[in-house]
Amino acid sequence: MSALDILLWVAVPYISLAVFVVGHIWRYRYDKFGWTTRSSQLYENRLLRLGSPLFHFGILLVAIGHIGGLLVPKSWTEAVGISDTAYHVVAVVLGVLAGACTLFGAAILVYRRRTVGPVFSATTRNDKLMYVLLVGAIVLGLGTTVLGNLTADPHDYRETVSPWFRSILILRPEPALMAAAPLGFQLHVLVAFALFAFWPFSRLVHVFSMPLGYLTRPYVVYRSRDEQLGSRPTRRGWERVP
Amino acid sequence: MRVMAQMAMVMNLDKCIGCHTCSVTCKQAWTNRSGVEYVWFNNVETRPGLGYPRTYEDQERWRGGWTVNRRGRLKLKGGGRLRKLLTIFSNPKLPSIDDYYEPWTYDYDTLTSAPLQEHTPVARPRSLISGEPTKITWSANWDDNLGGAPDHGHRDPMLKGIEDKVRFEFEQTFMFYLPRICEHCLNPSCAASCPSGAIYKRSEDGIVLVDQDRCRGWRMCVSGCPYKKVYFNHRTGKAEKCTFCFPRVEVGLPTVCAETCVGRLRYIGLVLYDADRVLEAASTPDDTDLYEAQRRVFLDPNDPEVVRAAERAGIPRDWIEAAQRSPVHALITTFKVALPLHPEYRTMPMVWYIPPLSPVVDVVRDTGHDAEDHGNLFAAIEALRIPVEYLARLFTAGDVEPVNAVLRRLAAMRAYMRDINLGREPREEVAMRVGMTGEQVYDMYRLLALAKYDERYVIPPAHAEQAHGLEELATECSLDYEGGPGMGGSGPFGENSGGASPIAVENFRMLRDRQTTDTIAAPLDKDNRVNLLNWDGKGRPDGLFPPREHPGGGDPAGEVEPKP
């Protein structure tokens, strides 16, 4: 176990996850007004109509796949009688399909961002870095899946990456597992953690605003006027009496 | 009975001269920031005309508002909750910037910095969206006064079926102005469409607002509003809409649009309504019954039963009294001359209009008849099918009867008041022909023609005891709040990130940034520029003058040849 392994597979993940969690809390408290999708649909709709749903639905599938693959131990799926081959086939087929949708959608969106003038001028440096990390993670992940399965004996990440990831979550890191994984997985994981660390400071925060509450809340929301009248805080001692 | 109070407005269209003062003052007060250049919380449309954004009234295309389904239940025309969430990544019914217009500015700098040349330099238009030179082809009131109407006037969605009867020829057509703000609906479909629940209706005064801290920019409200009065700020990525100038209304001042209205055609007041009956009224099966249904939702503030219920509901006494004196209540319920705009959208709009009699009067006068005579006017209202039918499509879902009734009342008022003005005996029978007494007609005349400021705007302040601390009464420095007047510039996540600054100060900062910028769309060097408003006149701070260039190493302080 080299120092590098510990740095990459213990320190980096924890730093990244800590920044991810604390960063979101900080951003939410500090910058609710900046917490938005910053949609550019007003500028251009033709490419967005195709690219955006492709990308977003694709990445939702990818996320579900990752949750299943990383958090569900191999022994559980075996216990319910899913054979290794069956699991692998389903995972690869769905994974490649979802990954291809995501990548294709992302390609359309990046192309749109670069070629449509108003969209490009609304792109910040922050956005560009986010795009590099996000597309980098997608390309590495999809590439690893596709290239890995072209070889005769594809690597079983459920023996290395998944238990390592779970070991991180339960605070008993086992860097040796990850150090044994192929380079493609390692790069994918590192880029992903870089993305996680950057996440709270980018527009990606809108993921956590997924408006699922809309399905259950009443249509029209009533709210009482703010305690504060006008635009300035109330003077101490002059607060309204309920 | 669940009594709620609603701040509402009535506009008397006969008095609108189409001067756009309301639009301009509103813009200056609320939307003079980048990202909302194309946003007009208040706009004035010439009707017949396309409206803003173009053809917004065509709900078969934009799918705004509500509709009743086959089981008679009210549902969003643009689809329910699940459908909204499934289309959240690309809103299928969002107007593009072309449906509004591409905002622009002019390249004024060329006027002073162009080299010596034979021809006078011109300021070319530049898009505020892309920063590129642009060609101006449309704007918010491009078809003002029927301009261009022979070409595109027939695309007015309200003319469907009668296009060939409306002639867009000089002296052969009719027109009037329609000022529009957010309707602050009783059943707002923008709020119902908002996935984040950021749009809310204030329970005290019914003003519909967007919580800027909760809006996530899903844009469903823009599609959901049939009046297209929610706009997307493309810089901040948040929805913005008319606020009914709530900081002013809270201290008892009328909205900016009403305050500055040259024709004094706007009335603001409270309406008490029964919140329990809104859904039932909005679900009325027949579109043409919606006007009556909505009026039945309103409560009579003079009814002791209603007053008791209002007090139980926590409505302060001075608010109930204001509702009793409300000019809006009088025009809607007592005199029955105000009509809602597009009741068929089923949002229960709360900005109502007194339809204009002028198209009718003009025709009567132009044909040489006496345009003050009620007989002539009544006959003309009957005969002039097209203007009346058009008004009915705007205000009563196509039912001409209520529009006829309103126009006849206005005509009777003209005739009745002429007798008084000429010193004749007023004729009670004129008033009786429209189901009123002479005294009622006189009261209506007073309210429509003479009403002073405090009669037109009956706005109970939210809390008078705090009034001196509120920004609109400038008894203290309006920048005097915690954190100072936000001198930090923009936050780390782009424009406008960070905590919210008070409304007036936010405007001040943005106006300042804008006025001191050199670039077209966004100031590049705003950090190193000096705001002359704050400069104390001492010394020469960095950035007071633009950096000097020294071509050829000449004397930097020397005279340069004056530009032509």
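Here is the naming used below: chain letters follow the sequence lines, and residue numbers restart at 1 for every chain.
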Q: What's the spacing between A:Y43 OH and B:E102 CD if we round to 0.5 Å?
A: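 If we round to the nearest 0.5 Å, A:Y43:OH and B:E102:CD are 10.5 Å apart.
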Q: Side chain from CB out, backbone as N, CA, C, O: work out which of these in A:S209 comes under 4.5 Å of a heavy atom of chain B, or both, or neither.
A: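 Both parts, backbone and side chain.
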Q: With a 4.5 angstrom heavy-atom cut-off, which part of A:L54 approaches chain B: side chain, backbone, both or neither?
A: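 No part of A:L54 comes within 4.5 Å of chain B.
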Q: In terms of heavy-atom proximity below 4.5 Å to chain A, should B:N91 be classed as side chain, backbone, both, or neither?
A: both
Q: Select one option (side chain, backbone, both, neither) describing which atoms of B:Y38 are under 4.5 Å from chain A's heavy atoms.
A: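 Interface part for B:Y38: side chain.
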Q: Go through the atoms of B:C190 and report whether side chain, backbone, both or neither lie under 4.5 Å from a heavy atom of chain A.
A: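 Neither part.
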Q: Among B:A192, B:G237, B:S196, B:S193, who wins on heavy-atom pairs under 4.5 Å with chain A?
A: B:A192
Q: When you compare the side chain of A:L215 with that of B:L85, does any pair of heavy atoms fall below 4.5 Å?
A: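 They are in side-chain contact.
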Q: Once you round to the nearest 0.5 Å, how far does OG of B:S203 lie from CZ of A:R223?
A: 10.0 Å
Q: Do the side chains of A:S224 and B:R202 get nearer than 4.5 Å, heavy atoms only?
A: no
Q: Between B:L86, B:V208, B:I88, who has the most heavy-atom pairs with chain A when the cutoff is under 4.5 Å?
A: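 With the most close heavy-atom pairs to chain A, the winner is B:L86.
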Q: State whether the side chain of B:S130 and the backbone N or O of A:G117 hold a donor-acceptor pair below 3.5 Å, judged by distance alone.
A: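 No, the answer is negative, given that no donor and acceptor are paired below the 3.5 Å cut-off.
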Q: Below 4.5 Å from any heavy atom of chain A, which atoms of B:L209 appear? Answer side chain, backbone, both or neither.
A: neither
Q: Could you note down all residue pairs passing salt bridge (Lys or Arg N to Asp or Glu O under 4.0 Å) where residues 184-211 of chain A supplies at least one of them, sequence neighbours left out?
A: A:D127-A:R203
Q: Would you say A:L42 and B:P95 make side-chain contact, with heavy atoms under 4.5 Å?
A: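 With C-beta onward as the side chain, the pair stays apart.
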Q: Within 45° of the ring axis of A:Y219 and under 6.0 Å from its six-membered ring centre, is that where the NZ or CZ of B:R81 lies?
A: yes
Q: Taking all non-hydrogen atoms of both residues, which atom of A:Y214 and which atom of B:L76 are closest, and how far apart?
A: OH-CD1, 3.9 Å
Q: Please determine, among B:P92, B:S189, B:P188, the option with the most heavy-atom pairs under 4.5 Å with chain A.
A: B:P188
Q: Would you say OH of A:Y131 has more than 12 non-hydrogen atoms from neighbouring residues, nucleotides or ligands within 6.0 angstrom?
A: yes
Q: For B:K238 and A:W35, work out which heavy atoms get closest and say how close.
A: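 That closest heavy-atom pairing would be NZ-O, 3.4 Å.
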Q: Give the member of B:G206, B:C194, B:A198 that has the highest number of heavy-atom pairs under 4.5 Å with chain A.
A: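 Highest number of pairs under 4.5 Å: B:C194.
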Q: Can you confirm whether the side chains of A:S39 and B:R219 place a donor and an acceptor under 3.5 Å from each other?
A: yes
Q: I need the A:Y222 OH to B:K201 NZ distance, nearest 0.5 Å.
A: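 Going from the OH atom of A:Y222 to the NZ atom of B:K201 covers 6.5 Å.
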Q: For B:L74, is it the side chain, the backbone, both, or neither that has a heavy atom closer than 4.5 Å to a heavy atom of chain A?
A: neither
Q: Roughly how far, to the nearest 0.5 Å, is the CG atom of A:N45 from the OG atom of B:S90?
A: 5.0 Å
Q: Within the structure provided, determine whether A:P118 and B:I129 are in side-chain contact (heavy-atom separation under 4.5 Å).
A: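 Yes. Closest side-chain heavy atoms under 4.5 Å.
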Q: Below 6.0 angstrom between ring centroids: does that apply to A:F57 and B:F89?
A: yes
Q: Heavy-atom distance under 4.5 Å to chain B: side chain of A:Y28, backbone, both or neither?
A: side chain
Q: Using a 4.5 angstrom heavy-atom cutoff, name the option from A:V205, A:V116, A:T36 with the most pairs to chain B.
A: A:T36
Q: Among B:N187, B:D211, B:T87, which residue forms the greatest number of heavy-atom pairs with chain A at distances under 4.5 Å?
A: B:D211
Q: Please identify, among A:R125, A:R217, A:H206, A:M210, the residue contributing the most non-hydrogen atom pairs under 4.5 Å to chain B.
A: A:R217
Q: So which of B:G197, B:C215, B:G80 has the largest heavy-atom pair count under 4.5 angstrom toward chain A?
A: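 Option with the greatest count: B:G197.
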Q: Heavy-atom cut-off 4.5 Å, strictly under: side chain, backbone, both or neither for B:I97 against chain A?
A: both
Q: Are more than 12 heavy atoms from other residues, nucleotides or ligands located less than 6.0 Å from atom CZ of A:F208?
A: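 Atom CZ in A:F208 is crowded, with more than 12 foreign heavy atoms closer than 6.0 Å.
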